[in-house]
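Both ligands and their constituent atoms are indexed starting at 1 by order of listing. These numbers were taken from a predicted model, which means no experiment stands behind them.
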Amino acid sequence: MPTASEVHQGQDGVRITIIGGGIAGLATAIALRSPTRTITVLERSEMLKETGALISLQPNASKIVSSWGLAPFLGLCEPLVDTAFRMFNQSGKLVRQVNLDFARFGADRVLYHRQDLHTALKNAATSTDLPGCPVEIRTASRVTSCDPYKGTVTINGGETLDADIVIGADGIHSVVRQAVVGEPREAIPTGISAYRMLLPVESLSGLKIPKDVLDIAKPVTTMVVGHDRRVIMGPGRGGKVFGIVALVPDENMHETSAAGSWVAQGSIPALLKAFAGFPAWMLEIFERAPDVGLWQLRDIDPLPRWVRGRTILIGDAAHAMLPTQGQGASQSFEDAEALQAFLADLPDGPTGQQVNEALLRVYEARHERASLIQMYSREQARPGTDVGSNKVKLDPAQFMKYNCNYSGAKNWLAAKDMGIVVEKLSLSGV
Ligand SMILES: Cc1cc2nc3c(=O)[nH]c(=O)nc-3n(C[C@H](O)[C@H](O)[C@H](O)COP(=O)(O)OP(=O)(O)OC[C@H]3O[C@@H](n4cnc5c(N)ncnc54)[C@H](O)[C@@H]3O)c2cc1C
Ligand SMILES: *[C@@H]1O[C@H](CO)[C@@H](O)[C@H](O)[C@H]1NC(C)=O
Ligand SMILES: *[C@@H]1O[C@H](CO)[C@@H](O)[C@H](O)[C@H]1NC(C)=O
Ligand SMILES: *[C@@H]1O[C@H](CO)[C@@H](O)[C@H](O)[C@H]1NC(C)=O
């Protein structure tokens, strides 16, 4: 098999530049691997360490990764299959249980440590054991501008790379977004902040939580829901860690940096104060956290376009969404699968028009669905109860059928062309 640079010298393959080595960029790099493609990922960081948090892949994203032959890489992550959502109200009473029987969707909801998933994707992208040329990842390569028609990108204000296809996977604060959309589209604060914690499971020993409330060893997602604040927690990394995300209104928080998602170090006393009146067992878990991060949640409105010339946006650059449905990574895998499907027949040395047409098919297949899932994620961020009411109205299963009933971009587009409407759910007042 020729190496990436030999193909490059031949100039008759397809050259692809992917901007951003996050989950979306790496998943796409893997999906597009081929003996005749030279794929370069440009990542601004040194990629030493992804932020620790748990992340889920919804059933059909799990299916997509299996179809890419990633099992040997993902197996090392000690993935856990989530079996249920259990929801408690603010006084600690179990108010809803949704068993996750995803047999009808053909795969499971799988929990990963975000860092492990990222490492596994990086190893798979650069591996010589998978079909196609290994991908080249260039770190410390910050893209400062992009000409979407020419397919050129400029790194660190100097070197320019050109390619047949440019894929903007540079996250929520994307620089490629403006080049594609033609106007600035900034990430919007949503009025919610998230504290996040990751505890070694040993640090929870000795806690006297009844097993019918929370069994740390079980792969179950536990939620405790108040009016305008809620907690989502569960195990990860084969049960070695316990991850917690606590959502609170962020009216009193002032973000200090626009650079990333994880902006500040949070304080445990402030967290405990925000959740005063919640069950004691939950607060005892918080007290044991070694540290706590604080993150202001932002998303973007659906974009009017993802494609311009030879360039397409994917992942959070295209459709950053709230984490309230845990769909961000899954949607990135769906984007990657769509690119794989619609670029499959692209000839070597493609013209700008051939590339543009293929990318527009990706947009057509993905835009409506991703935009709707952005809206559903906002809907799931609404208060968990009405003011003055005890009744928890949040239902984690509400959008599950829509989110999970997906079998690839080509099938989706074919169903749309045949006028088969996949059931949509109406949103209350959005
Ligand atoms: C705390 C947290 C919890 C989450 N939980 C879940 C979950 O449970 N389930 C789920 O599906 N999703 C979850 N998500 C969302 C999910 O991580 C993202 O939606 C998903 O990873 C796709 O991100 P991305 O690759 O598009 O962007 P990112 O992960 O942000 O990656 C973008 C990459 O581009 C790089 N970059 C940025 N600008 C440039 C530039 N100019 N030049 C070069 N490189 C650049 C960045 O350094 C970064 O590596 C969570 C996110 C967070 C922050
Ligand atoms: C929790 O649910 C129980 C039983 O339905 C109810 O009595 C209690 O008031 C609820 N607590 C809150 C804070 O909503
Ligand atoms: C999930 O994906 C698989 C393989 O891509 C497909 O066979 C199955 O029908 C999909 N399930 C749903 C509900 O879309
Ligand atoms: C998925 O959507 C199709 C098309 O609307 C429908 O026929 C099918 O029953 C759905 N499958 C599930 C598991 O909901």
(message) Quick test of your reading of the structure: of I23, L57, L322, I55, whose heavy atom lies closest to atom 13 (C) of ligand 1?
(response) I55

(request) Would you sort out whether K240 and E78 count as a salt bridge (Lys or Arg N to Asp or Glu O under 4.0 Å), showing the intermediate values? (result) CA-CA 9 Å; K240 294 195 182 81; E78 301 179 66; 2.6 Å; yes

(message) For D386, is there an ion pair with K391 - N to carboxylate O distance below 4.0 angstrom?
(response) no

(message) Closer than 4.0 Å to some heavy atom of Q90 - which atoms of ligand 2 meet that?
(response) 13 (C)

(message) Rounded at 0.5 Å granularity, tell me how far CG in L360 sits from CH2 in W306.
(response) 12.0 Å

(request) Start with the C-alpha distance between E183 and R177, add both sets of side-chain angles, then the distance that settles salt bridge (Lys or Arg N to Asp or Glu O under 4.0 Å), and finish with yes or no. (result) CA-CA 8 Å; E183 62 186 41; R177 188 187 296 143; over 6 Å; no

(request) Pick, from I314, D335, D316, the option with the minimum heavy-atom distance to atom 19 (O) of ligand 1. (result) D316

(request) Under 4.0 Å, heavy atoms only, figure out whether ligand 1 is touched by the backbone of R114, its side chain, both or neither. (result) side chain

(request) Give the atoms of ligand 1, by number and element, whose distance to some non-hydrogen atom of A169 is under 4.0 Å. (result) 32 (C), 33 (C), 34 (O)

(request) Under 4.0 Å, heavy atoms only, figure out whether ligand 1 is touched by the backbone of S141, its side chain, both or neither. (result) backbone

(request) Could you tell me which atoms of ligand 1, counted from 1 in the order shown, lie closer than 4.0 angstrom to a heavy atom of W295? (result) 1 (C), 2 (C), 52 (C), 53 (C)

(request) Would you mind running through ligand 1 and noting each atom that sits below 4.0 Å from a heavy atom of G171? (result) 27 (O), 30 (O), 32 (C)

(request) Of the side chain and backbone of S174, name the one, both, or neither that has a heavy atom under 4.0 Å from an atom of ligand 1. (result) neither

(request) Number the atoms of ligand 1 from 1 as they appear, then name those within less than 4.0 Å of a heavy atom of R142, with their elements. (result) 41 (N), 42 (N)

(request) Check whether any side-chain heavy atom of L413 sits under 4.5 Å from a side-chain heavy atom of F342, and report yes or no. (result) yes

(request) Determine if the distance from atom 9 (O) of ligand 2 to the closest protein heavy atom is below 4.0 Å. (result) yes

(request) State the atoms of ligand 2, each with its element, that fall below the 4.0 Å cut-off from a heavy-atom position in S91. (result) 1 (C), 8 (C), 10 (C), 11 (N), 12 (C), 13 (C)

(message) Would the distance check show the side chain of D82 and the main-chain N or O of V110 forming a donor-acceptor pair, the cut-off being under 3.5 Å?
(response) no

(request) Provide the number and element of each atom of ligand 1 under 4.0 Å from a heavy atom of S330. (result) 11 (O)

(request) Could you name the option among T324, V175, D170 that has the heavy atom nearest to atom 39 (C) of ligand 1? (result) D170

(request) For the pair E202 and R288, find out whether any cationic side-chain nitrogen is under 4.0 Å from an anionic carboxylate oxygen. (result) no

(request) Check whether the side chains of Q58 and N403 place a donor and an acceptor atom closer than 3.5 Å, and report yes or no. (result) no

(message) Heavy atoms only, cut-off 4.0 Å: how does A329 contact ligand 1, side chain, backbone, both, or neither?
(response) both

(message) Can you confirm, on distance only, whether ligand 1 has an N/O atom lying under 3.5 Å from any N/O atom belonging to A24?
(response) yes

(request) Please say whether P323 places an N or O atom under 3.5 Å from an N or O atom belonging to ligand 1. (result) no

(message) Checking side-chain polar atoms at under 3.5 Å, does R308 have a donor or acceptor matched by the opposite partner on Y149?
(response) yes

(message) For a quick test of reading the model, state the closest non-hydrogen atom pair linking G315 to D335 and the distance between them.
(response) N-OD2, 2.9 Å

(request) Heavy-atom distances under 4.0 Å are what count here, so tell me which part of L42 touches ligand 1: side chain, backbone, both or neither. (result) backbone

(message) What I want to check is whether the side chains of H319 and D299 have a donor and an acceptor closer together than 3.5 Å.
(response) no

(message) Taking the side chain as everything from C-beta on, heavy atoms only, tell me whether I167 gets closer than 4.5 Å to L32.
(response) yes

(request) If you have a sec, work out which protein heavy atom is nearest atom 2 (O) of ligand 2 and how many Å separate them, to one decimal? (result) N89 ND2, 2.2 Å

(request) State which residue, out of K150, R37, R15, fulfils the salt bridge (Lys or Arg N to Asp or Glu O under 4.0 Å) condition with D164. (result) R15

(message) Are any of the N/O atoms on K93, whether in the backbone or the side chain, positioned under 3.5 angstrom from an N/O atom of ligand 2?
(response) no

(message) Counting non-hydrogen protein atoms only, what is the nearest one to atom 14 (O) of ligand 2? Give residue, atom name and distance.
(response) N390 OD1, 3.1 Å

(message) Please list, in number order, the atoms of ligand 1 under 4.0 Å from a heavy atom of G315.
(response) 26 (O)

